Every structure is written in structure tokens, then in C-alpha cells.
Amino acid sequence: MSEQVERTQVDSVDTDREATYDVMATQDRWQQVWEDLAPFVAHDDSPREKRYALTMFPYPSGDLHMGHAEVTALHDVIARYWWQKGYEVLNPMGWDSFGLPAENAAIKNDTHPATYTYANIETQFESFKKYGLSFDWTRRLHTSDPEYYRWTQWLFLKLREQGLAYRKNSPVNWCPNDQTVLANEQVVDGACERCGAEVTKRELTQWYFRTTAYAQELLDCLDDLQENWSDKVVNAQRNWIGRSEGAHVDFVIEGRAEPVTVYTTRPDTIFGTTFMVVAVDAPLAEELVTDERRTEFETYREEIRRETEIERLSTDRPKTGVDLGVTATNPVTGAQIPVWATDYVLADYGTGAVMGVPGGDQRDWQFATQMGLPIVRTTEPPADFEGEAFHGEGPTINSPAAGVDAPLDINGLPVDEAKSTTISYLQDAGLGRGTVNFRLRDWLLSRQRYWGAPIPIIHCPVDGEVPVPEDQLPVVLPDLRGADLKPKGVSPLGAATDWVNVACPTCGGPAKRDTDTMDTFVDSSWYFLRYLSPNDDTRAFDPALAEKWGPCDLYIGGDEHAVLHLLYARFFTKAMRDMGLISWDEPFSAYLSQGKVINNGRKMSKSLGNGINLGDQLAEFGVDAVRLTLVFASPPEDNIDWADVSPAGSAKFLQRAWRLSGDVASEPGADPAAGDVALRKVTHRTLHDGAALVESYRFNVLVARIMELVNATRKAIDSGCGPADPAVREATEAVSIMLSLVAPYTAEEMWHRLGHEPTVARAGWPVVDEALLVEDSVVAVVQVQGKVKARLDVSPDVSEADLEAAALADPAIVKALEGKTVRKVIVRAPKLVNIVAG
RNA sequence: GCCCCGGUAUUCCAACCGGCAGAGAAGAUCGGCUCAAAACCGAUACAGUGUGGGUUCGAAUCCCACCCGGGGCACCA
């Protein structure tokens with residue numbers, strides 16, 4: 001070979017090295033190619049093993065932001081990995097497009113909520129495509145489409161048939177600003193979760209889903225989910241469901257046939273019950289109050305109703321209440337005790353009535369002190385106890401008190417035994433029974449707003465509640481816009497007279513439509529099933545497809561939905577299973593919660609002026625660098641502080657990786673077996689470990705390992721085996737494939753420069769050569785008293801005896817042991833020897 | 001108050017079943033390249049793992065107590 005030719009080759013390599021990677025041009029080129037290739041369409045009839053990857057679909061408010069960028073970047077790592085590993089991957093995306101912001105925007109701009117909604121959806125759709133995600137866009141859906149909410153309404157009717165949707169009158173949370181009721185879950189610290197206004201109570205007839213019917217199962221299944229769900233979320237759900245064990249105890253009321261049942265978790269303290277308290281807003285209080293006390297009671301009740309939740313929840317305020325004028329009989333002591341109404345007892349928890357045990361409950365203590373009621377301790381506190389009520393462990397006392405003749409004696413028993421003994425006694429005597437209670441309430445789903453799925457019920461004066469016949473679904477929203485949507489005391493649908501008045505489907509007489517819409521969490525409780533056949537106009541979803549694709553193998557989203565959305569979707573799944581629509585118990589086999597993107601230690605907000613605009617970041621650093629930054633910054637669950645990370649550093653790394661593809665001097669298909677073994681070992685180790693890292697969601701470490709391989713390849717090219725070695729090609733191809741999970745544009749460009757056809761996303765994860773994972777020699781550490789004194793190069797399969805001998809023969813060890821007696825030698829071949837000497 | 005999770009170089013983060021505290025990155029300093037700067041290449045420095053005990057031949061890792069931070073529940077009887 002002439003010198004001339006050699007120099008030309010070198011020159012061309014050098015030119016390539018100097019060339020810079022045109023990020024923006026690359027993005028434009030490959031986006032178009034991918035659109036034509038459609039490599040991520042999931043085929044229902046594929047023989048390959050399925051994987052269902054799901055990310056929480058966005059609400060269409062404006063364009064995508066950093067939060068969307070993070071969750072989808074993380075999600076895409078898994079989805080793309082599954083494709084590379086040979087699975088058929090279902091990875092759909094859509095929009096949760098009903099909701100209040102669109103309605104508020106419509107009022108402000110005098111338009112229809114759909115205008116705002118669908119314009120934003122298009123904006124976000126274009127941004128998603130630019131962002132290079134592996135979504136199957138053929139399955140796109142919007143919950144605000146009549147074709148979608150038709151099936152939301154259908155499911156509502158199915159649930160109603162099962163008795164899982166019902167209407168009841170009760171005090172509910174009311175947001176005076178949004179002019180709508182709120183679910184318990186949407187009230188945070190007494191304020192509306194959405195707008196922050198102080199929530200008040202209103203007595204209204206509303207629709208509920210009977211989530212409590214599944215309370216125990218929702219709790220039990222968490223044990224299995226625990227393995228593949230974030231601890232945080234499992235814990236939050238457990239707390240939310242709030243199971244407690246206790247007893248129902250019946251108290252006979254003077255002059256009343258029916259006893260009043262109370263719920264208590266401490267039946268062992270029953271001897272200390274010196275009064276009874278019922279919730280002031282419970283119907284029971286109204287029933288019990290004597291005529292002499294009625295006026296006083298009603299005044300008090302009005303006072304309480306006017307209070308906001310915030311006032312009611314403040315814990316250190318004085319206890320209030322009214323004596324109802326009746327007495328109850330303590331079932332074990334026979335004592336006559338007064339019955340009071342108060343606001344510190346909740347109407348909708350337990351039975352709405354409580355036995356007042358001031359000696360064992362701080363709230364009762366405060367109440368008793370304030371009202372001058374007697375206090376009896378029933379658990380002996382430790383000698384140094386300085387508090388008021390005592391609810392800890394200790395022997396039971398005064399149960400009964402000295403000299404009192406009672407049918408039950410639990411004195412001296414520890415709390416646990418005292419409880420079970422009391423429950424057995426109550427059960428035998430027909431005075432009560434052991435029971436379980438949940439904090440979880442039924443899900444209030446009615447909303448007095450417009451932009452949601454109308455509840456498909458017609459109210460007929462003759463036939464009552466009549467479901468809209470299935471063949472008349474969907475009940476389409478009337479065309480309202482602008483001022484029609486303003487809160488005015490009656491809901492927008494209620495004011496749409498033409499729409500409201502209909503013929504009763506049963507008798508044909510005049511009737512009215514239900515004027516509420518459903519909470520948007522209903523829409524998102526089943527969308528993962530609609531993705532299976534989003535255009536099927538004959539049914540909500542195909543059970544056969546649910547069988548094939550479900551449940552979701554991984555769901556990624558934010559913790560803000562840890563209790564609401566996830567719990568509701570779990571409830572829907574169980575209900576649908578019991579209706580025979582699906583066979584699985586849980587919708588999401590694994591759940592990964594992603595952290596937030598913050599800036600400078602604070603949440604991004606307009607008022608702080610610390611917002612990071614996604615579009616600006618993409619324009620400055622390119623899609624891949626932003627995605628890489630988000631994936632590399634921290635473990636997925638942790639928050640990312642944008643001030644701590646370096647998208648410029650990511651861009652730099654991508655350049656480094658890209659440059660490798662220009663340096664490779666062997667032809668495509670070059671046999672790597674002939675290549676440099678040292679580099680091949682790094683490549684195969686990285687492929688092997690990389691797969692495990694993805695599967696355990698340690699994406700940040702995966703990136704670090706790819707960086708390591710890039711560094712090793714760079715070194716091999718510059719000062720090792722050189723660019724023509726086939727191991728360099730093998731390594732660079734591996735980088736391209738692994739990088740395709742995080743930085744698809746760069747990976748595709750590299751793949752192309754390596755002489756391959758698109759798309760690298762479907763190239764397949766290279767098969768790892770096990771032989772290359774074995775090390776020729778490893779470093780064994782020799783410690784004396786736990787301190788490292790020598791290192792030995794040994795074979796990985798060295799015997800313990802040989803290793804020990806080698807260690808004791810090492811000059812440094814001999815020196816360290818001078819004048820000492822070896823007492824014990826611990827050998828862990830091939831890694832370590834520890835010599836204990838003295 | 002109860003329940004979860006976390007605390008490792010200046011910073012973000014690694015460290016498998018207890019076995020050399022450092023994989024990767026940011027920033028810093030120095031050097032090479034350059035008329036110069038950026039980019040690029042190379043080198044260097046920086047922690048004994050929140051605190052105090054315990055178990056162990058050996059602890060970032062396991063146990064106990066406490067401190068700090070994040071999250072959930074909370075007048076739920």
C-alpha cells in the first residue's frame with residue numbers, strides 16, 4: 001500500500017473527527033424517516049411475547065413542559081428496551097381532555113371548551129413527535145370525544161346495574177369558587193385541590209361509586225403489588241384506605257326502642273365510658289334530641305354548618321357540643337350517661353356515634369374537662385406519665401371499679417387481651433361484635449360543571465331514575481360556550497333547558513336529564529382498556545384483546561396521583577372483573593413514580609420566575625441532550641433540580657459518542673471474533689449489565705455504563721487496537737443500540753454512519769457472549785485486622801487454600817505480621833483474605 | 001401524633017449477598033492545541049458515608065436510639 005493512500009485514509013478519519021454533529025438537521029431527517037417506517041405500531045396478532053407500557057396521559061393545558069419531558073423520557077427507555085429485546089410492545093398515548101381549565105378558558109375567551117382543548121392537543125401532539133418517543137399513534141384517544149365518553153357512560157350504567165353506582169343525599173364538600181362538589185380526595189387541608197378556595201359543606205343528592213365495597217380487596221392486593229410498586233405509593237394507599245379493627249357496641253337509650261351503636265377501636269376501655277357523643281350533622285342527633293333541647297341543638301348545628309373545613313379541622317380549638325337531653329346506659333357498668341352532639345365526631349365515619357372515654361382518648365378528655373363530665377382511667381399509665389388521656393400499653397384498671405358488681409372483669413389484663421375478652425363478652429351477651437372499619441369513603445363522582453361526560457340518567461316523575469338506553473348513548477353535551485358556562489348557582493347543563501327536557505324512555509312522559517357530569521377521574525379509570533381498540537364502535541373494549549395485552553406491565557407517572565387515579569383505576573378494574581369483562585385483578589403490574597423537575601431547590605412557578613421552558617431547552621441543546629439529561633440526572637423517583645444538571649454536558653457526551661461512528665474503519669459485518677478481546681469484554685459486560693439496569697429502572701446507571709463504553713472505545717481507537725479493529729465496530733454498534741433507548745436521534749445517526757439501514761430502534765439487543773464475561777484474573781485484597789495490606793492478581797477460580805497460601809507468602813503481609821500470631825484467617829475466594837492476628 | 005422513604009467528595013449521583021468507599025457526570029485547578037478564545041485532548045485535587053451505640057474477622061450496607069430532609073394520614077374514636 002502506498003504512502004499516499006494511507007495518508008488519505010488518515011486524513012479522512014481526521015476530517016470526520018473534526019466535523020461537528022448537526023443536531024437540528026439530524027432531528028429533522030430522522031423524524032421523517034421514522035414516520036414513514038412506523039416501527040412502533042403494536043400488532044394484535046403478533047406471535048411475540050407482549051409488553052404493555054403505559055404512561056399517564058396528559059391534560060391538554062398549553063404545550064408540553066419539563067414534567068412531561070421527564071416522564072416520557074423515562075418511559076421511553078423501557079418501551080424501547082422491550083422492542084430491542086424482541087417483545088411486541090403496546091405503547092399508546094392519548095389525552096385526558098375533559099376538565100375545568102378548558103371551561104374556564106372558554107368563559108374567558110367566549111368560546112367553546114373544545115376549541116381550547118383540541119388546539120392544545122394538536123400542539124402537544126406535534127411536540128411529542130418532535131421529542132422522538134416510541135408511541136403507537138394509531139391508538140391515540142381523547143376522553144372528551146363522544147366516541148370515548150359514550151363508553152364511559154356505558155360503564156357508569158354497568159356499575160349502576162351492579163349496585164356500584166348510586167345516589168344519596170348527604171353533606172358534601174362544596175367549592176364556592178368552582179361552584180361544584182368535590183370528592184374527599186380533592187380536598188386538601190380543607191381547601192379545593194384545584195383552586196385553593198376554602199371548602200364548605202352542603203347537603204346535596206349526588207352520585208357515588210361504591211368504592212368501599214372493595215376496600216378490603218384494594219388493601220389486600222397491595223401486598224402483592226408491593227414488590228413492583230414504589231413504597232411511597234403503596235404506603236399512601238394503605239393510609240388512605242385506613243383499615244382499623246375494633247368493635248360495634250350497642251348502647252340502650254332511654255325511651256327509645258332501637259339501641260345506638262358506636263364504633264370503637266378500644267373496646268377494652270368501655271368501663272371508662274362516661275358519656276356518649278354523636279356527630280351533630282348526623283340524622284341520629286336529630287332523632288335523639290329532646291324537645292326541650294331542640295332549639296339549642298338547631299342553633300348549634302347551624303353554627304357548625306357555616307364553618308369552613310379549615311376552621312373545622314384546626315385541632316387545637318376548644319371542643320363544642322350540646323347535651324341532647326337523653327341518657328344512655330353503659331352496657332357493662334349499667335351507669336346512666338349523658339348523650340351529647342358535637343362536631344368533633346364525624347357523621348360519615350363508623351356509625352357517627354362514639355363512646356366518650358376521657359381517660360383513654362385525648363379528644364374525649366378535652367371534651368369532658370370542658371363540659372365537666374367525669375373521667376375514669378381504665379389503663380394504668382406508667383409512673384412517670386405526665387399527659388392527660390393515656391392510650392398506651394398497660395394493665396387494665398377500674399374495669400370494673402372496686403366494689404362494683406359487673407358481668408365482666410378485665411382488670412389486670414394487658415390491652416390486647418382486654419380487647420378480645422371484652423369483644424367475646426359483648427358478642428355472647430348480644431351487646432356488640434368485633435368489626436373492621438375503613439377510612440375510605442365512597443367516591444363522589446357528580447360534578448356541577450359542563451366539560452365532562454354527562455351522567456346518562458333521566459329523572460322521570462313516574463318511573464324515577466331511568467338509565468338512558470344503551471342504543472341512545474352517548475348522551476352528547478349540548479353546544480354551550482362562553483357565558484353559558486359561568487357559575488350561576490345552577491349547573492350549566494341544568495340551565496340548558498332544551499337539552500334537559502326529554503321524554504322518559506320508559507313511559508314517554510315528560511322527564512329531565514341528570515344535569516351533572518362525571519368527575520374526570522372516571523374517564524381515566526379505564527382508558528388503558530380503550531387503547532386496545534380505540535375505534536371500536538360496538539363495545540368499550542374487546543375482552544379478547546384485554547386478555548392478550550392486559551394488565552399493563554409498567555405504568556409510569558407522578559406521585560400526585562398516588563391515591564386518586566391509581567385507586568380509582570384499581571376499583572374499576574375489580575368491578576369490571578366481577579362483571580366478567582376482564583379476567584385480571586389489578587390494572588398495573590408494576591408502577592414507577594417519577595420525581596419532579598424543580599429549579600434551584602424550588603418548584604418551578606410563574607411567581608418565583610424560576611420556570612424552565614422545555615421548548616427553549618430543546619432549541620438550545622437538542623432533544624437527545626435534554627432527554628439524556630433527564631434520564632441521567634438521578635434515579636427516576638428522585639426530583640431533578642435543573643440547576644444541578646448539565647444539558648451542555650449531555651450534548652458534549654452525545655458528540656463524543658457520535659464521533660465514534662465516524663472513526664470506525666471496518667466494514668459492516670466485520671467479524672468481531674477477530675477483534676481486540678479487552679474492548680470486547682467491556683462491550684459485552686456493558687450489554688449484559690445494561691439490560692439488568694434497565695429492568696431494575698436504574699436508568700441513570702445505565703447511562704453511566706454507556707459513557708464508560710464510549711470512553712473505552714475512544715481509548716481503543718486513539719491508543720489501543722485502532723479504528724480498523726472489528727471490536728471497535730462492535731463496541732460502537734452496541735453504543736448506538738443502547739443509546740437508542742435514551743437519545744434516539746443520535747443513535748439513529750450513528751447507526752446510519754456505521755452503514756446500516758434504519759431503524760436502530762428495531763436492531764435488536766445484541767446477544768451477549770457469556771465467555772467474554774469471564775475475567776482472566778481478578779484482584780484479591782489481603783487485609784490484616786480489616787485493613788488492606790496487599791493486593792494479589794489471582795485466577796477467578798482460585799481455591800481458598802491456594803489463595804490463603806499466596807496471601808501469607810506475600811512479602812507485605814509477612815512484614816505486617818512480624819511479631820504477631822495469626823489467630824484466624826478468613827478467606828472469601830477469589831476476592832478477599834482477612835488475617836486476624838495479635 | 002402515627003406510617004413510609006432518604007441522608008456518601010463543592011454539586012448530581014455509583015458502590016450486587018456485609019468484603020479495596022468511586023462507575024459516570026458537573027464544577028474547580030493545571031497542562032496540551034490555538035494569534036486568542038470556545039470546542040477538543042490530557043492530568044490533578046476534593047469524602048470515610050447525618051450523630052451516638054451495638055452485632056461482626058470486617059459495616060455506607062444489618063440492629064437500636066436520636067438529628068435533619070421529603071412524602072402519606074390525621075378531631076377517623
Side-chain angles (χ1 to χ4, degrees), chain A residues 17-18 20 189 230-244 246 262-267 269 277 279 312-317 319 342-346 348-357 360-364 366-367 391 437-441 559-560 562-563 593 595 628-629 632-635 637-650 652-653 655-656 659 689 692 696 698 700-711 714 718 779-791 823-828 831-838:
Chain A
R17 263 197 221 183
E18 294 306 319
T20 46
D189 292 332
S230 308
D231 290 336
K232 242 180 145 157
V233 174
V234 172
N235 180 247
Q237 295 226 350
R238 285 218 173 96
N239 286 339
W240 189 262
I241 295 167
R243 184 192 144 104
S244 73
V262 302
Y263 173 69
T264 178
T265 55
R266 291 296 300 274
T269 63
V277 251
R312 209 184 63 77
L313 288 178
S314 81
T315 39
D316 51 356
R317 66 179 196 155
K319 297 273 179 284
T342 176
D343 70 331
Y344 84 85
V345 172
L346 305 177
D348 56 354
Y349 182 78
T351 59
V354 162
M355 56 189 217
V357 187
D361 184 287
Q362 188 59 26
R363 297 156 299 186
D364 294 340
Q366 284 171 6
F367 190 77
H391 57 264
N437 218 339
F438 295 93
R439 208 198 65 95
L440 181 75
R441 312 294 156 87
D559 295 334
E560 65 273 22
V563 278
S593 63
L628 182 76
T629 303
F632 180 50
S634 68
E637 295 92 335
D638 291 4
N639 286 346
I640 296 171
D641 193 330
W642 202 249
D644 289 334
V645 297
S646 169
S650 300
K652 206 162 91 178
F653 164 71
Q655 288 259 5
R656 260 170 82 78
R659 238 179 304 117
D689 294 356
S696 51
R698 290 187 291 164
N700 55 327
V701 187
L702 167 76
V703 172
R705 299 300 300 274
I706 300 173
M707 288 173 166
E708 221 177 324
L709 178 56
V710 167
N711 293 343
R714 179 83 265 151
D718 290 347
V779 176
V781 174
V782 185
Q783 300 173 331
V784 174
Q785 312 292 71
K787 298 229 164 63
V788 180
K789 296 289 180 189
R791 287 157 216 273
R823 294 186 195 281
K824 194 172 175 187
V825 180
I826 292 118
V827 185
R828 292 285 177 276
K831 291 166 80 174
L832 172 134
V833 178
N834 187 19
I835 300 159
V836 187

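This one's a predicted model, so the numbers in the text were calculated from it and none came from an experiment. A note on names: the letters A, B, ... follow the listed sequences, proteins ahead of strands, and every chain is numbered from 1.
B:U56 and B:G50 are spaced 23 Å apart, taking the C1' atom of each and rounding to whole Å. Taking the P atoms as reference points, B:U61 lies 10 Å from B:G19, given to the whole Å. Using C1' as the reference atom, B:G48 and B:A15 are 14 Å apart when rounded to the nearest Å. Here the separation of B:G27 from B:A38, taken at their P atoms, is 13 Å to the nearest Å. Atom C1' of B:G18 sits at a distance of 8 Å from the matching atom of B:C62, rounded to the whole Å. Rounded to a whole angstrom, the distance from the C1' atom of B:A14 to that of B:A60 is 12 Å. With C1' as the reference atom, B:C3 and B:A74 are 11 Å apart, rounded to whole Å. Here the separation of B:A59 from B:G53, taken at their C1' atoms, is 14 Å to the nearest Å.
The CG atom of A:D343 sits 8.0 Å away from the NZ atom of A:K319 when rounded to the nearest 0.5 Å. Of the inter-residue distances, the one linking A:N834 atom CG with A:K824 atom NZ reads 9.5 Å to the nearest 0.5 angstrom. Distance check: A:T342 OG1 to A:F367 CZ gives 5.0 Å after rounding to the nearest 0.5 Å. The CG atom of A:D644 sits 12.5 Å away from atom OG1 of A:T629, with the distance rounded to the nearest 0.5 Å. To the nearest 0.5 Å, the span separating CD1 on A:I706 from CZ on A:F653 amounts to 6.5 Å. Rounding to the nearest 0.5 angstrom, the gap separating the CG atom in A:L628 from the NZ atom in A:K652 is 13.0 Å.
Side-chain contact between A:V357 and A:R266 is absent, with no heavy-atom pair separated by less than 4.5 Å.
Put simply, A:T342 has no side-chain N or O that comes within less than 4.0 Å of OP1 or OP2 on B:C75. One finds a side-chain N or O of A:Y349 lying less than 4.0 angstrom from the OP1 or OP2 phosphate oxygen of B:A77. An OP1 or OP2 oxygen of B:C5 is reached within less than 4.0 angstrom by no side-chain nitrogen or oxygen of A:N235. Between A:R656 and the phosphate of B:A39, there is no side-chain N or O to OP1/OP2 separation shorter than 4.0 Å. An OP1 or OP2 oxygen of B:C57 is reached within less than 4.0 angstrom by a side-chain nitrogen or oxygen of A:K824. Between B:C12 and A:N639, no contact under 4.0 Å exists linking OP1 or OP2 to a side-chain N or O.
Within the nucleic acid shown, A:R823 has no heavy atom closer than 4.0 Å to any nucleic acid atom. Residue A:F632 is classed as a base contact, given a heavy-atom separation below 4.0 Å to a base. If you check every strand for non-hydrogen atoms under 4.0 Å, A:D559 touches nothing. At the heavy-atom level, A:V277 lies nowhere under 4.0 Å from the strands shown. If you check every strand for non-hydrogen atoms under 4.0 Å, A:V836 touches sugar and phosphate atoms only. Heavy atoms of A:A704 sit under 4.0 angstrom from at least one base atom. Contacts of A:N239 with the nucleic acid, taken as non-hydrogen atoms under 4.0 Å apart, include base atoms. Within 4.0 Å of A:S230, counting heavy atoms only, lies no atom of the nucleic acid at all.
Rounded to an integer number of Å, the gap from CD of A:E637 to P of B:C4 is 18 Å. Taking atom CZ of A:R705 as the reference point, atom P of B:A23 lies 11 Å away to the nearest angstrom. Whole-Å rounding puts the A:D641 CG to B:U10 C1' distance at 15 Å. Look at CZ on A:R659: it is 13 Å from P on B:A39, rounded to the nearest Å. Regarding A:N437, its CG atom lies at a distance of 10 Å from the C1' atom of B:A77, rounded to whole Å. Atom CD1 in A:I826 sits about 13 Å away from atom P in B:U56, given to the nearest Å. The CZ atom of A:R238 sits 14 Å away from the C1' atom of B:C5 (whole-angstrom rounding). In this structure, A:K831 places its NZ atom 11 Å from C1' of B:A15, rounding to the nearest Å.
Nearest heavy atom pair, residue A:N437 against residue A:Y349, reads CB-OH, 4.0 Å. Between A:I640 and A:S634, the shortest heavy-atom distance links the atoms CG1-OG, 3.7 Å. Closest non-hydrogen pair, A:V645 versus A:A633, comes out as CG1-CB, 3.5 Å. Between A:M355 and A:T269, the closest heavy-atom pair is CE-OG1, 3.8 Å. Minimum interatomic distance between A:P647 and A:W642 (heavy atoms only, all atoms of both residues): CG-CZ2, 3.9 Å.
With hydrogens and angles ignored, no donor-acceptor pair closer than 3.5 Å exists between the side chain of A:K652 and the base of B:C40.
Set against B:A77, B:C4, B:A14, the side chain of A:N700 has B:A14 as its closest nucleotide. For A:R317, whose side chain is taken as the heavy atoms from C-beta onward, the closest listed nucleotide among B:A77, B:C4, B:C75 is B:C75. Proximity note for A:D361 (side chain, C-beta onward) versus B:C13, B:A77, B:C5: the nearest is B:A77. Taking only side-chain atoms of A:E708, from C-beta outward, the nucleotide of B:C4, B:G24, B:C13 with the closest atom is B:G24.
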Distances under 3.5 Å only, N/O to N/O: pair up the protein atoms with those of nucleotides 58-62 of chain B.
none

Show me the protein contacts with nucleotides 48-50 of chain B, counting only N or O atoms at under 3.5 Å.
none

Passes side-chain contact (heavy atoms from CB on, under 4.5 Å), A:I826 versus A:Q783? Steps please.
-> CA-CA 10 Å; A:I826 292 118; A:Q783 300 173 331; over 6 Å; no
Please assess A:V354 against A:Y344 for the test side-chain contact (heavy atoms from CB on, under 4.5 Å), listing each intermediate value before the final yes or no.
-> CA-CA 10 Å; A:V354 162; A:Y344 84 85; 5.9 Å; no
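Of the two residues contacting RNA chain B, namely A:T264 and A:N711, the nearest-nucleotide position lying further toward the 5' end is that of A:N711. Comparing A:V703 and A:Y263 along RNA chain B, the residue whose closest nucleotide (by nearest heavy atom) sits nearer the 5' end is A:V703.
A donor-acceptor contact closer than 3.5 angstrom links the side chains of A:N711 and A:R656. Side chain to side chain, A:S244 and A:T265 fail the donor-acceptor criterion of an N or O pair below 3.5 Å.
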In dot-bracket, 5' to 3', how would RNA chain B read with Watson-Crick or G-U wobble pairs under 3.5 Å, [ ] for crossing ones and | for pairs to another strand?
-> (((((((..((((.....[..).))).(((((.......))))).....(((((..]....))))))))))))....
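Classification of B:C41 as anti follows from a glycosidic angle more than 90° from 0. Classification of B:G48 as syn follows from a glycosidic angle within 90° of 0.
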